[in-house]
Amino acid sequence: MDQPYRLIFMGPQGSGKGTQAQCVSRTLHIPSFSMGQLLRDEVARQSPIGQQVAPLLNAGELVPASLAVEVLRSRLSASDAQNGFILDGFPRNQEQYDAFQFMVPTHVVVLELSDAAATERLSRRLTCNQCGQIYSMDDRQEGDACSCGGRLIHRKDDRAEAISRRLEIYHQKTKPIIESYDKQGLVHRVSAQGSVQEVHDRIIAALGLRPGSSACPI
Ligand code: AMP
């Protein structure tokens with residue numbers, strides 16, 4: 001492939017975009033970043049943008065496109081993103097899709113999962129409050145330490161009411177964007193069911209790379 005990978009990962013919340021983005025990032029040696037984590041970083045830093053978006057994040061509502069684009073442009077201009085990147089959680093609606101025309105992806109990987117499975121996963125999900133690493137309540141509990149020194153929390157928006165709102169936004173606003181990318185021949189649909197390794201193998205195969213032979217390095 002002669003041009004850098006510019007990958008967008010899409011799919012409902014809980015489909016494993018963040019985890020898979022980290023795996024593929026290590027396999028391809030390109031950075032991955034999620035819009036949600038970039039925004040949570042702003043909140044943690046208590047930046048002017050962070051202060052504006054904090055209540056929206058807690059409620060599971062989308063933040064204004066202009067603010068999301070500002071945060072994203074800044075991340076994409078960093079030197080480590082010049083040879084490719086994986087972006088997850090953006091664009092999520094038509095306004096963001098239009099605002100993102102300055103960057104055409106090489107592939108849009110869509111992780112497919114039912115709402116019931118997504119809800120079940122999210123309600124058991126723990127997130128490191130420092131690095132954003134994802135864990136499950138199957139083997140960890142709230143308050144445990146992350147390997148980075150951070151603490152595992154059950155995000156406010158991973159609770160029942162916010163989850164259904166976030167999935168509703170996905171169906172209403174994000175799916176039409178996937179159709180737009182599909183018309184450009186960029187979409188690769190992958191089942192998000194199964195183990196992290198199984199999903200990773202499917203993504204690697206969908207990208208036309210060493211199908212079935214790449215161990216997910218996380
Ligand atoms: P996520 O970590 O992807 O579940 O996102 C967490 C929260 O960040 C969302 O519920 C929104 O409040 C905000 N957010 C993430 N991505 C976007 C986006 N593309 N546009 C607007 N808000 C976003």
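No hydrogens, no waters, no symmetry mates; every other heavy atom, side chains included, goes into these values. Every value quoted in this text rests on a predicted model; they were computed, and no experiment measured them. Atoms within each ligand, like the ligands themselves, are counted from 1 in listed order.
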Basic-acidic side-chain contact under 4.0 Å: Asp157, Arg125: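 A salt bridge is absent here (no side-chain N lies under 4.0 Å from a carboxylate O).
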Lys/Arg-Asp/Glu bridge criterion (N-O < 4.0 Å) met for Asp138, Arg124: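 Looking at Asp138 and Arg124, the cut-off is met.
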Ligand 1 versus Arg155: contacting region, heavy-atom distance under 4.0 Å: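 Contact part for Arg155 vs ligand 1: side chain (C-beta onward).
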Region of Asp157 that comes within reach of ligand 1 [heavy atoms, distance under 4.0 Å]: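 It is the side chain that touches ligand 1; the backbone stays farther off.
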Any donor-acceptor N/O pair, Gln37 side chain to Phe33 backbone, under 3.5 Å: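 No, because the side chain of Gln37 does not come within donor-acceptor range (under 3.5 Å) of the backbone of Phe33.
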Donor-acceptor pair, side chain of Gln22 and main chain of Thr19, under 3.5 angstrom: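 No; zero donor-acceptor contacts below 3.5 Å.
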For [X], atoms of ligand 1 separated by under 4.0 Å from a heavy atom:
| X | result |
| --- | --- |
| Gly89 | 16 (N), 17 (C), 18 (C), 19 (N) |
| Met35 | 16 (N), 17 (C), 18 (C), 19 (N) |
| Gly60 | 10 (O) |
| Gly36 | 2 (O), 5 (O), 8 (O), 15 (C), 16 (N) |
| Glu61 | 11 (C), 12 (O) |

Of all the non-hydrogen atoms in the protein, which one sits nearest to [atom], and at what distance?
| atom | value |
| --- | --- |
| atom 18 (C) of ligand 1 | Gln96 NE2, 3.5 Å |
| atom 1 (P) of ligand 1 | Arg92 NH2, 3.5 Å |
| atom 21 (C) of ligand 1 | Val63 N, 3.2 Å |
| atom 4 (O) of ligand 1 | Arg166 NH2, 2.5 Å |
| atom 14 (N) of ligand 1 | Leu39 CD1, 3.4 Å |
| atom 8 (O) of ligand 1 | Leu57 CG, 3.7 Å |

Separation between CD of Gln20 and CZ of Arg202, rounded to the nearest 0.5 Å: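 Gln20 atom CD to Arg202 atom CZ measures 9.0 Å (nearest 0.5 Å).
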Row check, Phe102 ring normal vs Arg73 NZ/CZ: under 6.0 Å, within 45°: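 The answer is yes; both the distance and angle limits are met.
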side-chain hydrogen bond (donor to acceptor under 3.5 Å, both in side chains) between His29 and Asn83, intermediate numbers included: CA-CA 9 Å; His29 307 290; Asn83 291 318; over 6 Å; no
Pair Glu42, Ser47: side-chain N/O donor-acceptor within cut-off below 3.5 Å: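 Yes, because at least one side-chain N or O of Glu42 sits under 3.5 Å from a partner of the opposite role on Ser47.
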Salt bridge (charged side-chain N to carboxylate O under 4.0 Å, His left out) evaluation trace for Arg166 with Asp115: CA-CA 11 Å; Arg166 290 161 72 204; Asp115 281 4; over 6 Å; no
Within-shell test, Arg40 vs ligand 1, heavy atom, strictly < 4.0 Å: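 Yes, Arg40 has a heavy atom closer than 4.0 Å to ligand 1.
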